[in-house]
Structures are given as C-alpha cells and as structure tokens.
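See below for the structure under consideration.
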Amino acid sequence: MEWDLSVLYASMDDPMIQEDLEALKEKVGEWNALIDVICQDDQEAPRKLEEALKLESETLLLAQKLGGYVSLVSSADTQNEKAVKYEDLIDQILNDSVESSTRFENWLSHLPDLDRVINNTPYLSEHAFVLKEMQMQEKYRLSSREEALVASMRQTGSSAFARLKDQIIGNMKVDLELNGKAEKLPLTMVLNLAYDPDPVTRKKAYEAEIAAYQDTEDGLAACLNAIKGEVLTVSKWRGYESVLDETLLDSRMDRETLETMLEAIRESLPHFRAYMKAKAEALGHTNGLPFYDLYAPVTQTTERYTYQEAGQLIVEQFAGFDQEMADMAQRAIDEHWIDVYPRAGKVGGAFCANLPSVKQSRVLMNFGASFDSIVTMAHELGHAFHNLCSQNESILNLNSPMPLAETASTFNETLVKKAALASMSDEEALAVLEAEVSGCNQVIVDIYSRFLFEDAFFKERANGPLSAKEICHLMEEAQIESYGDGLDPHYRHPYMWTWKPHYYYATANYYNFPYAFGQLFAKGLYAMYVKEGPAFVSKYKQLLASTGKMSVYDVAKSIGINIHDIDFWRSSLKMIEEDIDTLIEKLSHR
Ligand SMILES: [Zn+2]
C-alpha cells in the first residue's frame, strides 16, 4: 500500500525533473534580475510589486513541486541517494535568491504609502496581510550583510550544536536489566517502554534512563546553553524586547491571547491533578502518579482494525460532518494518496504534505491496526482537508502560523473519537477515553511545564550559561508548578530538557504554547459545531481557507470566537474536565 506520486513525476529518473530543475534555476535568475530593476526607485510601485509577487508564486509552486516530490520519495525510502542529492540541489538553487529577497523586502518596506499601493489592484489587495507583515518585520531586520553573517554563523553555532545534541542522544546507551538479562539499549527504545503494560519494566526503564544522563548531561547542557545563548544574542540585536515577543510576532499571536489562555489553564490544573491521582490509585500508587506511569495503559485492549475498516469508519464519520470531507477521504484512499504500512527504510510517525501544484495532498503513516492508528489517519486527513479548503488561495497565503496549523487535524481527532466511543465495548471505550485524557494532560499540563521551564531558562541564561544541575532544578520547579501533587514528588523528571527536540530549534522558540492553543481552539470549534450543527460547516471551511492570511485573533474572530475572552478557553477546558470526571468515575468502579 504505497502512495502514488505519479501526478508529480513518473520516477526519480523522469527527465521532467531535470527540465524542472533547469526551469527553477531560470526563475531564480529572473527573480534576481527583476529585483535589481525594481529596487532602483519607487516609480510604478504597484506594477512592479505585482510582477514580483507573481514571479515569486510561480517560483514557489515549482520549487514545492520538485521539493515535495523528492522529500516524499526520501521519507518513504530514506536510503534513496538520488532524492538526498536533489534535495540538496534544490536548496542550493533557492539559496541564490536569498540576498535579492532581503533587498526586495527592504524596498517594499520603505515604499512611501504601502496601503495606497496595495489598494491599487485586486491582486495586491489579496496579499495585503503578508505584505504588511513584511513591512512590520522590517524594523527587526538587520542589514543584508548582517543577515548573511548571522545565517552563516548559525552553521557553526546553533545548527552545529543541534547536530551534536542529536549525536549525543542518538549514541546514548542505557544500561537496563529486564527479565534477568542485562542489556545496553538505545535511549529511544527505553523511552518507548513508558507504554509497556508491565509496571516493573516501566519503572526500571525510567530509573535506567535517569541514571544514563550522568555521562551525557554536561554535553547536552553545553548544547542547550549555546543554542539558547545564540537565540538571545540575535533576538537582542534585532531589537526585540524578549524572545517570547519575537515568537509571538512570528506566530501572529498577541500577548493578551497567550496570557488569557494560560490563566484559564492555571484555573483548570486541579482537574488534571485529580485525574493523575485517580490514575495513580488505579495503578496501585498512594502518593500521586510517578512520572514513569504517565503513559501507562489502564486496561488491555484487544480490538484490532484493518486499514479497510479504518478507512470505512473514517469516511462514515466524516460524512456525518460534511460530504465534501468524506469524499476527499474516499478519494485519498481510492487514488492512493496514503502510504499506509511501516516498512524498512521508511520514516516513523505520520505527516501530511500539501502539493499545491496539483491541488492534492499525500499522507504518510505507519498503520498499526489499533484505534490509535485510526485517530492518526483522521488527524492527517484533517490536514488534507485544510489543504483542500485553501486550495484556491494564493500560494503566498498558505503559511498558517503554528497555533493554527493543527486546527483541522485536532478537530478531526475529536470528531472520530466522540463517534467511535458511542459504539465501543466498555473496556475499549475506557482505553480510548484514558488515552484521550492522557493526551490532553500532555498538551495542557506538560506543555505548561515546558513553557514555564523555557521562560525561566531564557531569564537565567541571559546572565550566563547554566550547569546541568541548575537546568534540572529549573525543570523540577516547572513540573512542581504545573503538575503539582498530581505527580509523586519522588518521581518527577528533571531531565525532560534533554531529548525533547523542541528546546533545540534555534528558529522556533517556545515551541510549546502553540500545541495548547491548537488543542483548545479545536475543542472550542467542536463545541460550536455541536451547538450549531450543519450551519457551522461552511463557516468552518472559510476559516480553514483563511488561516494563512490573517492574525490568529482575526481568524478566530471570523467565526465569532473572541480569544481575548477567558470564557472561551474555560469552555474548551470544560470539555476536557467532563471527560476527566467520566474517566475518574469509571476508574473508581473497577
Ligand atoms: Zn498534525
């Protein structure tokens, strides 16, 4: 069950690939020449701006066709050397346009009356948001020489340290004794044991993991200090008040939204703690939940689903919501948009890729026959539906900020879970409900602890590097504030900063609150759907079409949601709290 990519190219040896690479080079050359002319003066600004945007769109479309194809091939076959080579080549070609692009952005930002220029033609008006955003970012842009310097210094700075972190984590061996056999296991394998049905295995894996950091913590701390130190330096040079301000601006989200959401989260923490304590009791603990049992299964599930059954269930549930979404899912299955099963050389996990050049999507997953796989499939098809809803938008209007990128996918998860729960056996329903609450616990409580940690780390790092012990201390403080007495104080996880990749992305800081936003925003939309029924659907589709061309606040407002109003966040959290209450009730009767 491999996906069909022939709508892009017949194979890696398709001569069209060479032709398109040549065409892409030509476009980049055209772009550089055009920018030379454009930047000479402000004359005929609307005509020149429109010409530039159209050329940029064509270039992007072609680059995404080529880049999309080779990255899909390489994710389904990581050993494919040709794909790796082409990926590199495409990057090189596009890099030649970076300097011109900075000059173009600079020219645009200094146009005397940008509003009047934008209102000059419908095509420019269509791109008003991204154009104004480019102008607004100008005050944080360094000179083109400095920008080039920062970019090249990153290669030996944050990027190099991120690679080193990957190497340390990838090479880490954990000493673990299971069933009387002593083994040295890779860290990733040991982390997976958190889901093991055997409680002794989970505890041993956790203790072995913590012990293993003795040898690696100093190297990992050096990586984190270097990356976050660079982030602080560059952010300051750009003139941002704080890294959080910079991140919010990049996320098209205002501080009031963040603070309102966090306030509502703090209010609901006691509910999550009650869930953790109830789960602890169900697993035989008396002092709160040990960190190693956060993901522990509370019941054994036996139900298995084939891919065909999963597809049928999803199409049926989607049809209850919207026929267009159901038809798209059916088409994705029939026309092989999905690479279904795990196989050697294929990447793990799941993702959905938008292919705007052909107005289609492709989904990669590793179908595993559990209900979880169905939820993943619904999630990825949610992304595909998001792409479908925005397929008539300009390619320049397709960049959704992080907080909105998971709206449709999370919405679909809720849709399928709610429907499936109604028709399941008690044991299976309990497992699904527990997995749902445990997932929300991660996205709300753990994400809140990550936010607190990262915020505290940036504050301390501004005064110099921290030792591994000091970093661990900050992490424990954050967990105490977030998890409270939900966690057993003897078994928190001071090393959660080591392998979570998000802390090591120099260009995506605070990569935590967008998850909470996405989850709660999608829940709020679902609650709206429950209340309004079919009338909700067309508004929702319009919202999905607009996520790349408005601020987060305006996208929410377009459907009648005020994200500055704490009651909106409270009502989303209430849906989770109700699930928690049901779960606690069920767990106490076992
Ligand atoms: Zn997703």
Side-chain angles (χ1 to χ4, degrees), residues 191-203 205-206 271-285 288-314 316-317 342 348-350 365-382 409-446 486 519 522-523 526 575-590:
L191 292 175
N192 272 334
L193 295 175
Y195 300 88
D196 199 275
D198 175 27
V200 178
T201 301
R202 293 194 299 267
K203 183 165 194 266
Y206 161 86
H271 253 95
F272 288 94
R273 292 169 186 168
Y275 150 69
M276 286 183 271
K277 283 185 256 183
K279 179 166 179 175
E281 269 172 42
L283 293 169
H285 304 293
L289 196 59
F291 203 93
Y292 59 79
D293 271 353
L294 273 171
Y295 312 102
V298 292
T299 172
Q300 282 187 339
T301 57
T302 45
E303 266 178 72
R304 285 281 170 267
Y305 304 85
T306 64
Y307 173 61
Q308 283 69 23
E309 286 165 340
Q312 206 177 354
L313 193 142
I314 282 174
E316 265 169 37
Q317 300 309 338
M365 57 185 299
N366 285 278
F367 191 83
S370 64
F371 184 72
D372 220 36
S373 286
I374 301 184
V375 175
T376 302
M377 187 169 165
H379 177 108
E380 300 309 337
L381 288 172
S409 52
T410 315
F411 184 90
N412 276 10
E413 281 191 29
T414 308
L415 197 68
V416 166
K417 278 184 208 158
K418 291 272 178 211
L421 275 175
S423 63
M424 275 178 175
S425 71
D426 284 356
E427 264 316 86
E428 184 80 356
L430 178 62
V432 170
L433 183 63
E434 207 284 321
E436 161 73 6
V437 171
S438 166
C440 289
N441 197 51
Q442 281 298 301
V443 175
I444 304 302
V445 182
D446 194 64
Q519 174 79 262
K523 291 256 178 214
Y526 187 80
M575 289 178 66
I576 306 173
E577 291 166 6
E578 283 166 5
D579 282 346
I580 290 176
D581 293 344
T582 312
L583 179 62
I584 292 178
E585 171 76 15
K586 285 193 180 184
L587 284 175
S588 69
H589 284 104
R590 278 162 62 83

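Only a predicted model underlies this, so the values are computations on that prediction, with no experimental measurement involved.
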Measure the spacing between OG1 of T414 and CE of M575 and express it to the nearest 0.5 Å.
6.5 Å

Under the salt bridge (Lys or Arg N to Asp or Glu O under 4.0 Å) test, residues paired with K586 that sit two or more places apart
none

Is it the case that the side chain of Q317 and the backbone of I314 share a donor-acceptor pair, with hydrogens and angles ignored and the cut-off at 3.5 Å?
no

Distance in Å, L433 CG paired with E428 CD, rounded so as to fall on 0.5 Å steps:
12.0 Å

What are the two closest non-hydrogen atoms of F367 and Y305, and how far apart are they?
CE2-O, 3.5 Å

Are Q519 and T410 close enough, and set up right, to give a side chain to side chain donor-acceptor pair (under 3.5 Å), and what steps lead you there?
CA-CA 6 Å; Q519 174 79 262; T410 315; 5.5 Å; no

Validation row: K277, I584 side chains within 4.5 angstrom (heavy atoms):
no

Taking all non-hydrogen atoms of both residues, which atom of N412 and which atom of G382 are closest, and how far apart?
ND2-CA, 3.1 Å

Is the shortest side-chain heavy-atom distance between I580 and I576 below 4.5 Å?
yes

May I ask you to decide if E578's main-chain N or O and T582's side chain share a donor-acceptor pair within less than 3.5 Å?
yes

In this structure, are over 12 heavy atoms from other groups packed under 6.0 Å from Q312 atom CD?
no

In a table with atom names and distances, give each donor-acceptor pair under 3.5 Å that connects a side chain of residues 436-444 to protein atoms at least two apart or in another chain.
residue, atom, partner, partner atom, Å
E436, OE1, K417, NZ, 2.4
E436, OE2, K523, NZ, 2.7
Q442, OE1, Y295, OH, 3.4

How close do P297 and L283 get, counting heavy atoms only, and between which atoms?
O-CD2, 4.1 Å

Quick one: do E434 and T299 satisfy side-chain contact (heavy atoms from CB on, under 4.5 Å)? Show the steps, please.
CA-CA 9 Å; E434 207 284 321; T299 172; over 6 Å; no

Sub-3.5 Å donor-acceptor pair from the side chain of R202 to the main-chain atoms of P197, do we have one?
yes

Could you grab the distance from atom CZ of F291 to atom CE of M276, nearest 0.5 Å is fine?
10.0 Å

When K203, H285, K279 are each screened for side-chain hydrogen bond (donor to acceptor under 3.5 Å, both in side chains) with D293, the one that passes is H285

By ring-ring contact (aromatic ring centres under 6.0 Å, His included) - contacts of H379 (at least two apart):
H383

dist Y275:OH -> D579:CG (nearest 0.5 Å) comes out at 11.5 Å

Going from CG on L193 to CG on D198, what distance comes out if it is rounded to the nearest 0.5 angstrom?
10.0 Å

So, for M377 and A310, which heavy atoms are closest and what is the spacing to 0.1 Å?
SD-CB, 4.3 Å

Minimal non-hydrogen separation, N366 against S373, with atom names:
O-OG, 4.4 Å

D196 side chain vs T201 backbone, donor-acceptor pair below 3.5 Å:
no

